[in-house]
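Note that the structure is predicted; figures quoted are calculated from it, not measured.
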Amino acid sequence: MLSIAEASGPSFLNCHPDTTRRLISRGELPAYRVGRAIRIKRSDLERALRPVTRLDLATAGGGLDD
């Protein structure tokens with residue numbers, strides 16, 4: 001399990017920890033409270049990082065114009 005700082009680092013999301021917190025609060029990234037700390041399972045993080053497909057874009061209103 002990773003901390004928010006670890007998940008936000010260059011090995012994973014490469015973003016600001018606030019962005020990771022937003023992903024968690026929107027329900028896009030599962031997280032778990034362990035005592036006072038918030039932890040993210042490595043498998044959940046890897047699942048969230050899957051490549052975007054054309055179907056993902058179409059269902060999200062990405063507007064495919066080809």
Worksheet item: How long is the gap from CD on E6 to CE on M1, to the nearest 0.5 Å?
Response: 11.0 Å

Listing, residues 22-33 side-chain donor-acceptor contacts under 3.5 Å, not counting sequence neighbours, or none:
| from | atom 1 | to | atom 2 | distance (Å) |
| --- | --- | --- | --- | --- |
| R22 | NH2 | T19 | OG1 | 3.2 |
| S25 | OG | R21 | O | 3.4 |
| S25 | OG | R22 | O | 3.0 |
| R26 | NE | E28 | OE2 | 2.7 |
| R26 | NH2 | E28 | OE2 | 3.4 |
| Y32 | OH | D44 | OD2 | 3.2 |
| R33 | NH1 | R36 | O | 3.0 |

Worksheet entry | Value rounded to 0.5 Å, distance of CG in L2 from CD1 in I38 | 13.5 Å

Item to complete: Would you give the length of the straight line joining atom CD1 of I40 to atom OG of S8, rounded to the nearest 0.5 angstrom?
Response: 6.5 Å

Discussion item. Suppose we screen for side-chain contact (heavy atoms from CB on, under 4.5 Å). Which residues come up paired with S43, at least two apart in sequence or across chains?
Written reply: K41, R47

